[in-house]
Each structure stands twice: as C-alpha cells, then as structure tokens.
Amino acid sequence: MGLLQGAILYVGNDGDTGSLRAWQTKMLWVIGINLVIAVSYTLWPKEAPAGAAPQDTERPRERLQSRR
C-alpha cells in the first residue's frame with residue numbers, strides 16, 4: 001500500500017493515477033478479507049476432530065523440566 005501511495009504521489013495530479021488507485025482499492029479489499037479471516041480464527045478456533053488425541057498443553061520449558 002505504501003509503495004502504491006508513493007507511486008501516486010510521485011506521478012502527481014498531472015499524471016494518470018487511475019490504475020494505481022484501482023490497485024490500491026483491490027489491495028485494501030484483500031487486506032480486509034484477510035483481517036476478517038484472521039479475527040474469525042482468533043475468536044472461534046477450529047475444534048479437534050472427534051476421536052483425535054488431546055494436544056499437549058504444557059509449555060516447552062515445563063516439558064523439558066518434567067523429563068529430567
């Protein structure tokens with residue numbers, strides 16, 4: 001986004017910035033969709049499949065100390 005905005009500023013008002021602005025709009029849509037997906041996975045994480053082994057929730061340091 002920053003590079004596109006820099007290119008628009010470099011070209012200035014006299015140049016044809018329509019295609020750069022169109023790309024900027026597309027990239028904003030892509031960023032927005034990615035944010036929605038990331039937030040949805042944060043708020044509602046996937047559940048483990050039925051019958052799957054439970055995950056080890058210990059922290060790595062605790063796991064190493066328990067093996068000694």
Side-chain angles (χ1 to χ4, degrees):
M1 288 299 299
L3 289 174
L4 284 171
Q5 187 62 38
I8 290 169
L9 292 174
Y10 178 74
V11 171
N13 292 335
D14 297 336
D16 182 22
T17 59
S19 63
L20 294 172
R21 294 258 183 224
W23 268 105
Q24 226 175 11
T25 304
K26 288 177 188 176
M27 291 303 106
L28 282 174
W29 273 101
V30 169
I31 291 169
I33 290 169
N34 282 327
L35 277 173
V36 167
I37 292 171
V39 168
S40 71
Y41 274 101
T42 300
L43 295 176
W44 303 286
K46 287 187 173 183
E47 295 182 12
Q55 289 186 340
D56 188 10
T57 58
E58 288 184 45
R59 294 186 176 144
R61 181 175 287 169
E62 293 170 352
R63 195 175 335 152
L64 287 175
Q65 289 175 352
S66 66
R67 290 183 184 176
R68 291 182 183 175

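Everything numeric here is computed off the predicted structure, so don't read it as measured data.
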Mind listing the closest non-hydrogen atom pair of [X] and [Y] along with its distance?
{"X": "G12", "Y": "T17", "value": "O-CG2, 3.6 Å"}
{"X": "D16", "Y": "V11", "value": "N-CG1, 4.2 Å"}
{"X": "Q24", "Y": "I8", "value": "OE1-CD1, 3.4 Å"}

Taking atom CG of L3 as the centre, report whether more than 12 heavy atoms of other residues, nucleotides or ligands fall under 6.0 Å from it.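 Atom CG in L3 is not packed in, count stays at 12 or less.
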Hey, quick one: are I33 and Y41 part of the same hydrophobic cluster, counting side-chain heavy atoms closer than 4.5 Å, chains of contacts allowed?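 I33 clusters together with Y41.
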Report the C-alpha separation of Q5 and L9 in whole Å, then their side-chain angles, then the decisive distance to 0.1 Å, and conclude whether the side-chain contact (heavy atoms from CB on, under 4.5 Å) test is met. CA-CA 6 Å; Q5 187 62 38; L9 292 174; 3.9 Å; yes
Taking the six-membered ring of W29 as reference, does the cationic atom of K26 (NZ for Lys, CZ for Arg) lie under 6.0 Å from its centre and within 45° of its axis?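 That pair does not qualify as a cation-pi contact.
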